[in-house]
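Numbers for residues simply follow the sequence, beginning at 1. Just follow the structure's listing: the first ligand is 1, and inside any ligand the first atom is 1.
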Amino acid sequence: MRLTDVQAGWRDRARRFAAERIAPLADQIDRQQATPASVLAAMREEGYLGAALPARWGGGELDPVSYGLVTEEIGKACSSVRSLMTVHNMAAQALAALGDRHQRQRWLPELCAGRKIIAFALSEPGAGSATRAIGTRAVEVGDGYLVSGTKKWITFGQIADLFLVFAHCEREPVALVVDRHSDGLTVTPVTDIFGTRGSMPAEVRLDDVRVPRSHQVGPTGAGLGFVANLALDHGRFSVAWGSTGIIQGCLDACVSYTGRRTQGDRTLKDHQLVRRHLTDMLVAHTAAQAVCYRSACLRETGDPRAVMETALAKYHAAEAAIRVANDAVHLHGANGCTTDYPVARYLRDATVMGIVEGTHEIHQVTLADYAFQRPYLR
Ligand SMILES: Cc1cc2nc3c(=O)[nH]c(=O)nc-3n(C[C@H](O)[C@H](O)[C@H](O)COP(=O)(O)OP(=O)(O)OC[C@H]3O[C@@H](n4cnc5c(N)ncnc54)[C@H](O)[C@@H]3O)c2cc1C
């Protein structure tokens, strides 16, 4: 794939930024389970928090390839920081696409500039893969709703200013923008998660939170099928590219380590079985990037296959990242099991890629349906 000068420019700038400003802090972010405010500020200054959002409201409106390449570079440096880009852009994109004029005017300038952070609040303690089973209730009262329920695993929920909350009104799903400072809303950090440990996840409890009707995104009934799905589609695209970043990070770490480390009179890279692992990693990165590029090109042209090809890219890249990161730990031997090298973090972060925005199993089920539809979409 030949990049345009603009796309190569975004990639190179993100590569420099990630290497200088994020990668040196990645282990600290993982250890301390927090992304420093200075990193958030740097992401904001670079325009990455509004990268996918419309230029009309101050966003970067990057084309999908450029956005993917930026995500890959940030994801290679630190999956926790990449996850901020993912959730903020996915929730704000849903607002940009399906919010009304007043909602766009009110929230998008702040979100595009990264002055406010929006989190995506769908999952609950009892409802993950089965999104239609969410138990959060929105009861119509006057010109708005009283919302009650508990959301869990909400990435960057600890610092978000706004939450895109999904609830049922009667039996119809609704999407609502809820202010963090609303009466009745409590944010509790979720700590000691396995991967993306710096993504500051939270449990968000809503006890009769009053939400004006003007905060409802899309019509009643469209909360899951349109609003959540649009956001999740963007999220999958971002996680797919973030996973290619993990694979590239593993390959770089292994090339460096196996090229230096000697056992007896040979360096590790001279063993055929070690070389085979390196080859598999190289192929995995090339293949994962190829499906991501394909998805980006289809998104660029508004092709009807784009949503499912994005799901395919996410499934493939996340699965490859887990496999490669596991091999990367093995190639580092005992050192791979320590925090002296980044590969253990890559493995933990890659595991999360197989769970968020739809688990592997959910993708395995839905992509089989696509296998039947695909011939008709070509
Ligand atoms: C680090 C992290 C960050 C997250 N961030 C967010 C966020 O910002 N916002 C948000 O809303 N959520 C977030 N989540 C939640 C995430 O979306 C859910 O964890 C995910 O959807 C899976 O739901 P679950 O954990 O309840 O697992 P379950 O749905 O209980 O699934 C458990 C297992 O059963 C399998 N399974 C379930 N249903 C089926 C089926 N129909 N067919 C086959 N297998 C099935 C799953 O694949 C999985 O292997 C985050 C999760 C993590 C770990």
Side-chain angles (χ1 to χ4, degrees), residues 29-30 33-35 75 78-94 117-136 149-168 173 175-178 180 187-206 217 223-224 227-236 238-240 242-243 246 311 314-315 318-319 321-322 345-369:
I29 289 171
D30 184 63
Q33 302 185 51
T35 297
C78 178
S79 287
S80 294
V81 177
R82 193 272 311 143
S83 72
L84 172 65
M85 249 184 105
T86 300
V87 290
H88 179 74
N89 276 282
M90 72 192 255
Q93 267 206 338
I117 298 295
I118 185 165
F120 179 79
L122 175 59
S123 302
E124 300 180 356
S129 302
T131 54
R132 291 192 185 278
I134 53 171
T136 299
T150 302
K151 297 295 177 181
K152 197 160 182 192
W153 316 115
I154 308 311
T155 297
F156 281 96
Q158 292 177 34
I159 59 158
D161 303 283
L162 299 169
F163 297 94
L164 184 58
V165 171
F166 298 88
H168 274 122
L176 304 164
V177 176
V178 182
R180 179 195 192 86
V187 174
T188 309
V190 174
T191 55
D192 292 325
I193 53 169
F194 182 68
T196 59
R197 285 167 61 83
S199 63
M200 306 178 84
E203 180 174 290
V204 180
R205 198 171 148 181
L206 303 104
V217 183
L224 294 176
V227 186
N229 278 348
L230 190 139
L232 286 167
D233 170 51
H234 175 83
R236 286 185 198 110
S238 188
V239 169
S243 299
I246 292 176
K314 188 271 181 185
Y315 171 59
E319 202 272 335
I322 296 167
R345 169 167 53 82
Y346 282 136
L347 177 57
R348 288 184 286 100
D349 290 347
T351 303
V352 170
M353 302 307 108
I355 295 173
V356 293
E357 329 301 10
T359 64
H360 274 350
E361 289 75 16
I362 295 300
H363 278 81
Q364 283 162 345
V365 172
T366 52
L367 284 167
D369 288 339

Could you tell me whether a side-chain N or O of Q93 sits under 3.5 Å from a main-chain N or O of L230, the two making a donor and an acceptor?
no
Within ligand 1, which atoms have a heavy atom of F120 less than 4.0 Å away?
7 (C), 8 (O), 9 (N), 10 (C), 11 (O)
For H363, is there any backbone N or O sitting under 3.5 Å from a side-chain donor or acceptor partner on K314?
no
Hey, is ligand 1 close enough to E357 that some N/O pair sits below 3.5 Å?
no
For atom 24 (P) of ligand 1, which candidate among A228, G128, G358 provides the closest heavy atom?
G128
Heavy-atom nearest pair, S129 first then T359, reads OG-CG2, 4.1 Å
Scan side-chain atoms only and decide if E124 and T136 contain a donor-acceptor pair under the 3.5 Å cut-off.
yes
Less than 4.0 Å from atom 29 (O) of ligand 1, is there any heavy atom belonging to the protein?
yes
What protein heavy atom sits nearest atom 14 (N) of ligand 1, and how far away is it?
W153 CB, 3.5 Å
Verify, without hydrogens or angle tests, whether S79 (side chain) and T196 (backbone) share a donor-acceptor contact under 3.5 angstrom.
no
Would the distance check show the side chain of S238 and the main-chain N or O of G235 forming a donor-acceptor pair, the cut-off being under 3.5 Å?
no
Does the side chain to side chain contact (heavy atoms under 4.5 Å, CB included) test come out yes or no for F120 and T86, once each step is laid out?
CA-CA 10 Å; F120 179 79; T86 300; over 6 Å; no
Min over T155, V190, V165, I355 of heavy-atom distance to atom 53 (C) of ligand 1 lands on I355
Could an N or O of ligand 1 be found under 3.5 Å from any N or O of E361, whether backbone or side chain?
yes
Does the protein place any heavy atom closer than 4.0 Å to atom 33 (C) of ligand 1?
no
Dump the intermediate steps for side chain to side chain contact (heavy atoms under 4.5 Å, CB included) on V187 and I154, then the final yes or no.
CA-CA 10 Å; V187 174; I154 308 311; over 6 Å; no
Quickly, which of V87, V356, I29, I193 forms a side chain to side chain contact (heavy atoms under 4.5 Å, CB included) with S199? Name it, please.
I193
Yes or no, since that's all I need: does a protein heavy atom fall within a distance strictly under 4.0 Å of atom 50 (C) of ligand 1?
yes
Tell me, which protein residue and heavy-atom name are nearest atom 17 (O) of ligand 1, and how many Å apart are they?
S123 OG, 3.4 Å
Numbered atoms and elements of ligand 1 in range of V352, under 4.0 angstrom, heavy atoms
1 (C)
N/O to N/O below 3.5 Å, does that happen between I154 and ligand 1?
no
When distances are taken from atom 38 (N) of ligand 1, the protein heavy atom at minimum range is S129 CB, 3.7 Å
Are R82 and D349 ion-paired here, with the side-chain N under 4.0 Å from a carboxylate O?
no
L122 neighbourhood, listing ligand 1 atoms whose heavy-atom distance to it stays under 4.0 Å:
11 (O)
Under 4.0 Å from any heavy atom of T359, which atoms of ligand 1 are there?
22 (C), 46 (C), 47 (O)
Could you name the option among T131, D349, T196, I362 that has the heavy atom nearest to atom 1 (C) of ligand 1?
T196
Closest heavy-atom pair and its distance - N89, H234
CB-NE2, 3.4 Å
So is S199 polar-close to ligand 1, meaning N/O to N/O under 3.5 Å?
no
Interfacing atoms of ligand 1 (cut-off 4.0 Å, heavy-atom, V356)
2 (C), 3 (C), 4 (C), 50 (C), 51 (C), 52 (C)
